[in-house]
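Take a look at the structure below.
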Amino acid sequence: KPGQAEEFFRRLNQIGGIPSGWLIYPYADNSGKALHIATVQSQDDIVQHLEHFHDIYECSEIVEIIERQP
């Protein structure tokens, strides 16, 4: 959310930074939005990570999930 960048990065540092397996591509318009590509065991991993930021972070729907075969 606007004006929350400092708090967002403070919390991100508290939990060890960007999770392993996540790629984050900031939008070119410098809006603070970004495309996230996450390699996780389940969608719950994404939801649990974002919960750390629930009151300062806006998230759209998870738009695509690809299940990989072992």
Side-chain angles (χ1 to χ4, degrees):
K1 295 180 181 177
Q4 298 294 328
E6 186 175 318
E7 177 63 13
F8 172 79
F9 287 109
R10 185 187 72 74
R11 292 182 194 186
L12 185 62
N13 285 332
Q14 278 185 329
I15 62 171
I18 298 169
S20 175
W22 288 50
L23 300 173
I24 301 173
Y25 298 98
Y27 286 15
D29 65 3
N30 211 17
S31 63
K33 296 179 181 180
L35 170 66
H36 295 63
I37 299 174
T39 302
V40 296
Q41 294 296 316
S42 74
Q43 185 172 333
D44 289 342
D45 294 339
I46 297 169
V47 173
Q48 288 174 3
H49 172 74
L50 295 178
E51 182 60 29
H52 295 285
F53 312 100
H54 72 278
D55 57 331
I56 62 166
Y57 188 81
E58 293 177 353
C59 177
S60 60
E61 289 184 50
I62 298 171
V63 296
E64 183 174 354
I65 299 172
I66 300 170
E67 292 187 28
R68 295 187 179 175
Q69 302 299 318

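Keep in mind that this is a model prediction, so the values were computed, not measured.
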Is atom [atom1] of [X] surrounded by more than 12 heavy atoms (other residues, nucleotides or ligands) closer than 6.0 Å?
X: Glu6; atom1: CD; answer: no
X: Lys33; atom1: NZ; answer: no
X: Asn30; atom1: CG; answer: no

How long is the straight-line distance from [atom2] of [Y] back to [atom1] of [X], given to the nearest 0.5 Å?
X: Glu58; Y: Leu50; atom1: CD; atom2: CG; value: 12.5 Å
X: His49; Y: Ile46; atom1: NE2; atom2: CD1; value: 10.0 Å
X: Phe53; Y: Glu7; atom1: CZ; atom2: CD; value: 9.5 Å

Any side-chain heavy atom of Ile56 sitting closer than 4.5 Å to one from Arg11?
yes
Just wondering, do Trp22 and His36 contact through their side chains at under 4.5 Å, heavy atoms?
yes
Between Ala34 and Pro26 the two heavy atoms that sit nearest each other are CB-CA, 3.7 Å
Asn13 side chain vs Arg10 backbone, donor-acceptor pair below 3.5 Å:
no
Working for side chain to side chain contact (heavy atoms under 4.5 Å, CB included), residues Val47 and His54:
CA-CA 10 Å; Val47 173; His54 72 278; over 6 Å; no
Going only through I, L, V, M, F, W and Y residues with side-chain contacts under 4.5 Å, is there a path from Ile24 to Val40?
yes
